[in-house]
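Numbering of ligands and ligand atoms starts at 1, following listing order. All heavy atoms count here, side chains included; hydrogens, waters and symmetry mates do not. In what follows, residues are counted from 1 in the order of the sequence shown. Since we're looking at a predicted model, the values are computed, not measured.
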Amino acid sequence: MSDCLFCKIVAGDIPAKIVYKDEHLVAFQDINAQAPMHVLIVPRRHVASLNDLAESDDALVGEMVRRAAAIAKEHGHSERGYRTVFNCNADAGQSVFHIHLHVLGGRLLAWPPG
Ligand code: 5GP
Ligand code: ZN
């Protein structure tokens, strides 16, 4: 999608600190990190929100979640723990409408979230 920030990052048109990429996914550091590790994992293909996922996207979402675990492990957070978050729409504070999985770790993360 031409006016989508994360599509532009996927295309390399806007710079980001990329931590992983493959055929389906790109992962990069959040520009406004909320924890020592704060990575966003996005599909290369534009999907606006969780509400727009289809059954045919199940494998893609599985790849995103398993990549989150791999990135947390690379950062040394597997044992202490980390958090994965998909925000969906206004009440959850979604601000970029290209699905992204937040991966946060490196500090104690309170629950419930704000
Ligand atoms: P949301 O609020 O939609 O769940 O998360 C969007 C995230 O994207 C926020 O954590 C925000 O800091 C991050 N973000 C917004 N603009 C940029 C950008 O230009 N580059 C990067 N790397 N992250 C961004
Ligand atoms: Zn997009």
Whether Gln34 lies under 4.0 Å from ligand 1, heavy atom: no
Side chain Arg44, main chain Asp22, donor-acceptor under 3.5 Å: yes
Where ligand 1 meets Ser95 - atom numbers and elements under 4.0 angstrom, heavy-atom basis: 1 (P), 2 (O), 3 (O), 5 (O), 6 (C)
Atom 16 (N) of ligand 1 [closest protein heavy-atom partner, distance rounded to 0.1 Å]: Leu5 CD2, 3.3 Å
Polar side-chain atom of Glu79 near backbone of His77 as donor-acceptor pair, under 3.5 Å: no
Val42, Asp57, Val47, Asp52 screened by side-chain contact (heavy atoms from CB on, under 4.5 Å) with Ile99, the one that passes: Val47
Atoms of ligand 1, numbered as shown, that sit under 4.0 Å from any heavy atom of His100: 1 (P), 3 (O), 4 (O), 5 (O), 6 (C)
Metal-centred angle, the Zn ion (ligand 2) as apex - ND1 of His98, SG of Cys7, 10° resolution: 110°
Considering all heavy atoms, the nearest Met37-Ala72 contact: SD-CA, 4.0 Å
Sub-4.0 Å heavy-atom contact, Lys17 with ligand 1: no
N or O contact, Ala16 vs ligand 1, cut-off under 3.5 Å: no
Minimal non-hydrogen separation, Ala27 against Ile41, with atom names: CB-CG1, 4.0 Å
N/O/S atom name from His46 that is nearest to the position of the Zn ion (ligand 2): ND1
Mode of Ile31 contact toward ligand 1 - side chain, backbone, both, neither (heavy atoms, under 4.0 Å): both
Distance filter under 4.0 Å to Asn32 heavy atoms, resulting ligand 1 atoms: 12 (O)
Contact summary for Gln94 and Asn89, nearest pair of heavy atoms: OE1-N, 2.8 Å
Closest non-hydrogen atom pair, Tyr82 against Ser78: CE2-CA, 4.2 Å
Top protein contact for atom 22 (N) of ligand 1, by heavy-atom distance: Gln29 O, 2.9 Å
Greater than 12 external heavy atoms within 6.0 Å of Asp91's CG: no
Distance-only N or O hit between ligand 1 and Gly93, under 3.5 Å: yes
Closest contact, heavy atoms only, Pro43 versus His98: O-NE2, 2.8 Å
Under 3.5 Å: donor-acceptor pair, side chain of Arg83, backbone of Ala110: yes
Structural part of Leu40 in contact with ligand 1, heavy atom criterion under 4.0 angstrom: side chain
Any Phe6 heavy atom less than 4.0 Å to ligand 1: yes
Protein residue, atom and distance nearest to atom 10 (O) of ligand 1, heavy-atom basis: Asp30 OD2, 2.4 Å
